[in-house]
Amino acid sequence: VQTTFTNSERIRRDRLQAHAVEAAEQCGGTFVPEVAEIARLDRVLADWPSERHLMFCDEGLAGEGSELPNMRGPWAILIGPEGGFSDDERSRLQKMEQAHAVSLGPRILRADTAAVAAMTLWQKALGDW
């Protein structure tokens, strides 16, 4: 997704898809996820399905404890861009019933590290760890 602070000039779908293929090959995976075209966060949230939960990794909570509810059903994980989420984006996410804000710890992480930390937190909370 494209947020207010996303450095979109550096995002190339073909390069990201190549990374997905390489990662699947490296770990012996048999499934390669499709990298979709970039979409603005406000549009994604406007069409968000009511039954899908959203784990929102809020860097504004850095250093605070947070628990992810153990709720079954479809989920998605949203981590922020280099510059973090804007105040408007954070406020909109916090108002969504499906969104659950969590902290990934006291440090601001790189996006690739944050994705792994977020998946680990999600797996632990939902019993898949």
Side-chain angles (χ1 to χ4, degrees):
V1 296
Q2 181 176 5
T3 66
T4 301
F5 300 129
T6 298
N7 189 351
S8 59
E9 304 83 49
R10 293 177 45 194
I11 298 174
R12 288 191 24 223
R13 183 174 178 243
D14 62 327
R15 194 173 96 211
L16 293 173
Q17 189 65 57
H19 286 307
V21 170
E22 291 168 9
E25 289 173 353
Q26 184 178 17
C27 67
T30 59
F31 172 77
V32 178
E34 177 187 352
V35 176
E37 290 292 334
I38 192 166
R40 288 183 27 189
L41 179 61
D42 59 342
R43 291 185 183 150
V44 170
L45 297 179
D47 295 331
W48 197 260
S50 61
E51 71 279 358
R52 188 171 193 186
H53 303 284
L54 177 63
M55 182 176 141
F56 157 48
C57 301
D58 186 356
E59 72 278 1
L61 298 176
E64 296 181 24
S66 57
E67 290 293 320
L68 191 62
N70 187 345
M71 303 173 104
R72 298 294 173 207
W75 279 82
I77 297 174
L78 180 64
I79 59 173
E82 286 179 29
F85 292 104
S86 71
D87 291 338
D88 288 342
E89 290 165 341
R90 186 177 286 109
S91 176
R92 182 167 183 184
L93 284 159
Q94 290 169 341
K95 290 176 186 174
M96 287 180 64
E97 186 177 321
Q98 306 97 316
H100 309 280
V102 297
S103 169
L104 296 181
R107 293 167 197 79
I108 301 298
L109 305 173
R110 290 176 44 97
D112 50 353
T113 307
V116 173
M119 286 293 299
T120 302
L121 181 63
W122 182 83
Q123 288 177 315
K124 182 179 181 289
L126 276 81
D128 189 23
W129 185 254

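Values below: every heavy atom of this structure, side chains too, minus hydrogens, waters and symmetry copies. Residue numbers run from 1 in the order of the sequence given.
Scanning both residues, Ile79 and Ala118, for their nearest heavy atoms gives CG2-CB, 4.3 Å. Pairing each heavy atom of Gln2 with each of Ile38, the nearest pair is CB-CD1, 3.6 Å. Nearest heavy atoms, Leu121 versus Ser103: CD2-O, 4.0 Å. Shortest non-hydrogen contact noted between Leu126 and Arg72 is O-NH1, 3.0 Å. Smallest separation of non-hydrogen atoms from Leu109 and Ala117: CD1-CB, 4.1 Å. The nearest pair of heavy atoms linking Ala114 to Leu104 is O-CD1, 3.7 Å.
No donor-acceptor distance shorter than 3.5 angstrom exists from the side chain of Ser91 to the backbone of Asp87, with no hydrogens or angles considered. When atom types are taken as modelled, the side chain of Glu89 and the backbone of Thr3 share no donor-acceptor pair closer than 3.5 angstrom.
With a 4.5 Å cut-off between side-chain heavy atoms of Ile, Leu, Val, Met, Phe, Trp and Tyr, the cluster of Phe56 takes in Val1, Leu41, Val44, Leu45, Trp48, Leu54, Leu78, Phe85, Leu93, Met96.
Taking NZ of Lys124 as the start and CE of Met119 as the end, the distance is 15.0 Å to the nearest 0.5 Å.
Arg12 is linked by a side chain to side chain donor-acceptor pair (under 3.5 Å) to Asp14, counting only residues two or more places apart in sequence or in another chain. Residues forming a side-chain contact (heavy atoms from CB on, under 4.5 Å) with Glu34 (at least two apart in sequence, or on another chain): Arg13, Gln17.
Between Arg92 and Asp42, no side-chain nitrogen of the basic residue sits less than 4.0 Å from a carboxylate oxygen of the acidic one, so the salt-bridge criterion is not met.
More than 12 heavy atoms of other residues, nucleotides or ligands shown are found within 6.0 angstrom of CG on Asp112. The environment of CD in Glu51 is crowded: more than 12 heavy-atom neighbours from other residues, nucleotides or ligands sit within 6.0 Å.
Between His100 and Trp75, the ring planes are tilted. Angles from 30° to 60° get that label.
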Apply the test side-chain contact (heavy atoms from CB on, under 4.5 Å) to residues Cys57 and Ile77: give CA-CA distance (whole Å), side-chain angles for both, the deciding distance (0.1 Å), then the verdict.
CA-CA 8 Å; Cys57 301; Ile77 297 174; 4.2 Å; yes
